[in-house]
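Worth knowing before you read on, the calculation uses all heavy atoms, side chains too, and leaves out hydrogens, waters and symmetry mates.
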Amino acid sequence: MAAKLLMIAVTCAVWCAVAGRVTQESRLITETVWDHGHRVTRQYCNWEGTQRLKGGHWKTIDCEECRCSSSGLRCEIAESYVPAGCIRIYDENCYERIVQSDYPDRSCSSYGK
């Protein structure tokens with residue numbers, strides 16, 4: 001029983017510490033066009049001036065996870081809790097690091113030591 005409660009507490013702590021922040025949302029666009037004499041209906045999301053087909057998903061240069069679904073476009077970025085005196089930075093592979101504001105080469109896990 002104690003092990004089960006511990007597992008629930010750890011799961012909640014991880015879920016509460018990492019949350020997604022929605023950065024973009026828009027509706028799904030449905031369009032009917034003529035293609036070689038046939039009427040074709042297509043659905044897409046408009047993202048930064050490009051048409052992304054329904055069902056598509058991608059990661060932006062700013063580390064946002066985007067998805068075009070029947071609900072429309074939704075982009076979000078996963079973010080962990082940042083303690084006071086620390087900042088969040090991402091590397092070129094979108095790996096998140098929480099570092100000291102005054103010393104970005106130092107992890108926040110050693111902050112105040």
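For the residue pair G72 and C45, the shortest heavy atom distance occurs at C-SG, 3.6 Å. Across T32 and R39, no two heavy atoms sit closer than the pair CG2-NE, 3.4 Å.
Taking 4.5 Å as the limit, every side-chain heavy atom of C94 sits out of range of all side-chain heavy atoms of I77. Here the side chains of L73 and Q24 are in contact, with some heavy-atom distance below 4.5 Å. Looking at W47 and C75, their side chains come closer than 4.5 Å, going by heavy atoms from C-beta outward.
The side chain to side chain contact (heavy atoms under 4.5 Å, CB included) search around D35 returns V40, not counting sequence neighbours. The salt bridge (Lys or Arg N to Asp or Glu O under 4.0 Å) search around E92 returns none, not counting sequence neighbours. Under the side chain to side chain contact (heavy atoms under 4.5 Å, CB included) criterion, Y103 pairs with Q100, D105, R106, not counting sequence neighbours. Remark: S70 engages no residue in a side-chain hydrogen bond (donor to acceptor under 3.5 Å, both in side chains) (not counting sequence neighbours). The side chain to side chain contact (heavy atoms under 4.5 Å, CB included) test applied to I29 returns R27, Y44, N46, not counting sequence neighbours. Scanning for salt bridge (Lys or Arg N to Asp or Glu O under 4.0 Å) contacts around R88 gives E79, E96, with sequence neighbours left out. With sequence neighbours left out, P104 forms a side chain to side chain contact (heavy atoms under 4.5 Å, CB included) with V99. Listed by chain and residue number, R74 satisfy the side-chain hydrogen bond (donor to acceptor under 3.5 Å, both in side chains) test with E25 (two or more places apart in sequence, or in another chain). By the side-chain hydrogen bond (donor to acceptor under 3.5 Å, both in side chains) test, S69 pairs with no residue at all, sequence neighbours left out. Residues satisfying the side-chain hydrogen bond (donor to acceptor under 3.5 Å, both in side chains) test with R67, not counting sequence neighbours, are none.
Between atom SG of residue C63 and atom CG of residue D91 there is a gap of 7.5 Å, rounded to the nearest 0.5 Å. In this structure, L28 CG and C68 SG are separated by 5.5 Å, a value rounded to the nearest 0.5 Å.
Cluster note: W34 groups with no other residue, as no ILVMFWY side-chain heavy atom lies under 4.5 Å from it.
Among residue pairs with one or both ends in residues 47-64, those qualifying as salt bridge (Lys or Arg N to Asp or Glu O under 4.0 Å) are K59-E65; sequence neighbours excluded.
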